[in-house]
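Note that the structure is a prediction, hence the values are computed from the model and not measured.
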Amino acid sequence: MTTPRLNRRLTLEEAVRVSDGAGGFSLIWTARGTLWAAVEPVTGRERAGESVTVSQVTYRITVRGAPEGAPSRPRPEQRFSEGGRVYRITAVAEADLRGHYLTCYANEEVLS
């Protein structure tokens with residue numbers, strides 16, 4: 001494996017349930033930290049909704065490795081954000097045998 005070029009600064013976020021004061025809850029996204037990453041598009045597709053077209057791109061996002069259970073280790077159902085862009089994490093795996101890097105597969109959806 002060649003050393004990835006971690007040149008994008010992404011914020012790792014996690015959904016937290018917050019009481020709405022009326023017996024229900026809402027989800028808010030809370031920052032868990034900032035990670036440097038290499039972001040590569042893998043596949044893309046477009047589908048028609050009722051009134052909009054949704055473009056979905058799958059990305060391979062490489063970050064530095066972190067041990068299981070560490071707060072800096074991304075998990076599925078978390079997301080990365082970068083400005084107005086949001087990448088929902090669907091899977092995470094070690095990118096190399098020593099665990100120096102992690103590969104996160106993530107989706108970005110854009111309405112057009």
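Here the straight-line distance linking atom CZ of R79 with atom CG of L10 works out to 12.5 Å at 0.5 Å rounding. To the nearest 0.5 Å, atom OG1 of residue T62 and atom CD of residue E40 are 6.0 Å apart. Annotation: the span from T30 atom OG1 to Q78 atom CD amounts to 10.5 Å, rounded to 0.5 Å. Atoms CZ and CD, on R73 and E68 in that order, are 4.0 Å from each other to the nearest 0.5 Å.
A salt bridge does not link E13 to R32: none of the charged side-chain nitrogens sits closer than 4.0 Å to a carboxylate oxygen. For E82 and R8, the salt-bridge test passes: some basic side-chain N is under 4.0 Å from an acidic carboxylate O. Using a 4.0 Å cut-off between charged nitrogen and carboxylate oxygen, E14 and R75 count as a salt-bridge pair.
Side-chain N/O atoms of E94 and Y101 include no donor and acceptor closer than 3.5 Å. No hydrogens or angles considered: a donor-acceptor pair under 3.5 Å links the side chains of E108 and Y59.
Hydrophobic clustering, with ILVMFWY side chains joined whenever heavy atoms are under 4.5 angstrom apart, groups Y87 together with V57.
Among all heavy-atom pairs drawn from P71 and L12, the shortest one is O-CD2, 4.0 Å. Annotation for T90 and P76: closest pair O-CB, 3.7 Å, computed over non-hydrogen atoms. The two residues A95 and T103 have their closest heavy-atom pair at CB-OG1, 3.2 Å. Taking every heavy atom of both residues into account, A38 and L6 meet most closely at N-CD2, 3.6 Å.
When side chains are defined from C-beta on, Y105 does not count as touching V92, because their heavy atoms never get closer than 4.5 Å. At a threshold of 4.5 Å between non-hydrogen side-chain atoms, the residues P74 and L102 count as touching.
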Q | Audit row: F80, C104, side chain to side chain contact (heavy atoms under 4.5 Å, CB included) steps and yes/no | A | CA-CA 10 Å; F80 290 115; C104 303; 4.1 Å; yes
Q. Taking it one step at a time, do L27 and R17 satisfy side chain to side chain contact (heavy atoms under 4.5 Å, CB included)?
A. CA-CA 5 Å; L27 289 176; R17 293 171 82 165; 3.5 Å; yes
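Judged by distance alone, with hydrogens and angles left aside, the side-chain atoms of D20 form no donor-acceptor pair with the main-chain N or O of S26 at under 3.5 Å.
Within a 6.0 Å sphere centred on CZ of R85, other residues, nucleotides and ligands contribute more than 12 heavy atoms.
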